[in-house]
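The basis for the numbers below is simple: all heavy atoms, side chains too, and nothing from hydrogens, waters or symmetry mates. Within every chain, numbering begins at 1; the chains are lettered A, B, ... in the order of the sequence lines, protein sequences first and strands thereafter.
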2 protein chains.
Amino acid sequence: MTRHRTSLGTLLRHVHLDGPLSRTELAERMGVNRSTVLSLTAELVAAGLVREEHPAATRGAGRPSLVVRPESERVYVLAFDVSVDRLDAARVGLGGAILERRQATRPRAGVDLDRVVSVLAGFGRELHEAASPGAVCVGVGASYCGMIRPGDGTVRYGPDLGWVDQAFGAELARALGLGQPVAVGNEAHLGARAEYERGAGRGEPNLIYLHGDVGVGGGILVDGDLLGGESGYGCEVGHMLVNPYQGRHCLCGSSGCLEAEVGEHALLSAAGRSPDLFGREAVRDVVREAAEGNKEATAALSEIGDWLGIGVSNLINLFNPGVLIFGGMLREVYQGAAPHVAARIARHVLPVSRDRTQLRLSALADDATLIGAAGLGFAALLSDPSKSHGGTR
Amino acid sequence: MTRHRTSLGTLLRHVHLDGPLSRTELAERMGVNRSTVLSLTAELVAAGLVREEHPAATRGAGRPSLVVRPESERVYVLAFDVSVDRLDAARVGLGGAILERRQATRPRAGVDLDRVVSVLAGFGRELHEAASPGAVCVGVGASYCGMIRPGDGTVRYGPDLGWVDQAFGAELARALGLGQPVAVGNEAHLGARAEYERGAGRGEPNLIYLHGDVGVGGGILVDGDLLGGESGYGCEVGHMLVNPYQGRHCLCGSSGCLEAEVGEHALLSAAGRSPDLFGREAVRDVVREAAEGNKEATAALSEIGDWLGIGVSNLINLFNPGVLIFGGMLREVYQGAAPHVAARIARHVLPVSRDRTQLRLSALADDATLIGAAGLGFAALLSDPSKSHGGTR
């Protein structure tokens, strides 16, 4: 029975992550025979989770293998993303497509728990009500730009918004009123998993994802598992000390942390921007202007790229990763600062590791963390599709 | 059959790591009934790997449970350790006791592969010949102060001895002439596992072991497994850049690496010692003199402790470990520099991680890496005790 549930979940995960697959492909991937695929698929069809159809085009002789496709419109999760300059919400279908979304630009101040929960819950209810009749919400996931206590969705420490020990997950669940818990994760942890499952890190179990927002977060996969450490608070790359002398002040109370030296404030300030400017558009402007030859913007990217290169070099020496992915605001920064990062790597990383690590841009870009949050929402269904999950709209 | 072999290995591992255990204790630990323990033990007794005996003292009523004890004198490995100032060799019995050992002080220069192999092989043959008639050598393991290619025992990079791509494992096996391969590991990796299995890190699956020699190596366990990364070259904590401005020159070609700032050369030079002095005794002298109030030695430990504290803080933020262990030369240094390390941790480590990490001294001290090498030698026997391993002397 347990093995059967596991097989159901494995089949569903394949079509969730990789899209429509033929019975033959599924049998090969799962290492089972086609009659097992047939019976597992029949059960998932009966549960309304997948459907079988003839492939669009068929070639060659013989009867074409039916294709198993996730019921993307019928089965969905709600996904939320709290970043420093935006609040995002989406209805994401089984298979990973964003079906519908809402977004609010976050004001710089006045972002207490009640306000954030109220905006997100309003979006969530709208998205839920807009789903087709008969559609099922199977879970809710949220990404947050801070440290999350494993298990209960409490924000332990979110310096960018000034949150300490806020029951974000519980409050959002209550305000949504769907009778479902909200699974919460750190934005960089979720971004790492999303890039591993559907982005720039597919097939790379030793992966580092760096997420730039106002701060810098890290999601580190070791043999495919997120590095949690003793209590789930590992991966804090943003507070790696890179500048021990007169480093920039960090929101954590220290100075010279990686996030203080390469975060949004550092870049905008080095580029001489007004202290009133913030957010990813302001960062993009600096990178664009540097590309156009603006000297101040070029110098700023050079300085920030140098510190970023030090942080990246340390991570490669420590983790010997297969891939290191720049996400969030660092996706833009890296495009403007790649030579400076490369110079530090050449100088500091031991050759045996240097040659093995590929540097890549996030493929999911601004949606990496939201897609990661959706992944949290789907987790229960994928671990046991035979149980009833969620409720019909 | 496979499950049976696994159970044999599990039982043998329990008595190898924890010493004599009663059948009742073994049954509890393994989650099997006593008759299973009885039959597994009988098989291990027949193979000459354990013996059963009455416990030394018995209390209470009833028949005392027999105690299963490893055949420590009869079943052994040869273990070797190449560190910068010493060559060590030992015969280590099943159960982990060092039965007999040889040691040579290494000259500072002239330490090419042939010379090292020749000294170690000589020791190894002596130790092998000194074993009791009928004793069995079941494996050979070696620890080396450099990066080892996984699988074949080649030293990829050993800057302290100037070795690059040297077939150390194969050459030592050939020179020993026992018809057995030599499993080679990095000293800090092996020290980490030894401390986890029998030292200061027992029961701590999220563990960082820092090993000071001329360089600084790291062995990092994540959920009980050594962090290897994509090609086995992770854990290079020694080349984490901690001092980006005018850092001390490092043997890797860069400067400001952790090992350049806290290694033996840095300490002895900061303490104003003659450039001719080197080795662990010279380091111990500085720590002892600082404890006695010598100002130059105190200042040197303060400087080195500060850099060590930065490195340690970065590791705690990244790994959220349960325990961080100072081994090799850093065991001495930490005893003299603990307040400086603590000050950096207080300043740089996020509170959620800071409270969870205990700092400890290596319990195996100078033998951590040698005991780790012995562990490599025992690996094949423990994974399948039913196979014949090694040969009678």
Q: Answer with yes or no whether the side chains of B:E230 and A:N320 bring together a donor and an acceptor at under 3.5 Å.
A: no
Q: To the nearest 0.5 Å, tell me how far A:H348 NE2 sits from B:S255 OG.
A: 7.0 Å
Q | Separation between CG of B:N314 and SG of A:C257, rounded to the nearest 0.5 Å | A | 9.0 Å
Q | B:W307 and A:Y245 aromatic ring geometry - parallel, tilted or perpendicular at 30°/60° bounds | A | perpendicular
Q. When you measure from the side chain of A:N317 to the backbone N and O of B:E236, does any donor-acceptor pair fall under 3.5 Å?
A. no
Q) When only pairs under 4.5 Å are counted, which of A:L227, A:L350, A:I310, A:V222 shares the most heavy-atom pairs with chain B? A) A:L350
Heavy-atom distances under 4.5 Å only: say whether [X] touches chain B with side chain, backbone, both or neither.
{"X": "A:L241", "result": "both"}
{"X": "A:L315", "result": "side chain"}
{"X": "A:V349", "result": "neither"}
{"X": "A:V237", "result": "both"}
{"X": "A:R347", "result": "both"}
{"X": "A:Y157", "result": "side chain"}

Q | Beyond-backbone contact of A:D223 with B:D225, side-chain heavy atoms, under 4.5 angstrom | A | no
Q) Is there a side-chain contact between B:S231 and A:V352, using heavy atoms and a 4.5 Å cut-off? A) no
Interface moiety of [X] toward chain A, non-hydrogen atoms closer than 4.5 Å:
{"X": "B:R344", "answer": "side chain"}
{"X": "B:Y233", "answer": "both"}
{"X": "B:L318", "answer": "both"}

Q: Sort out for me which of B:G238, B:S353, B:G228, B:P244 touches chain A most, counting heavy-atom pairs under 4.5 Å.
A: B:P244
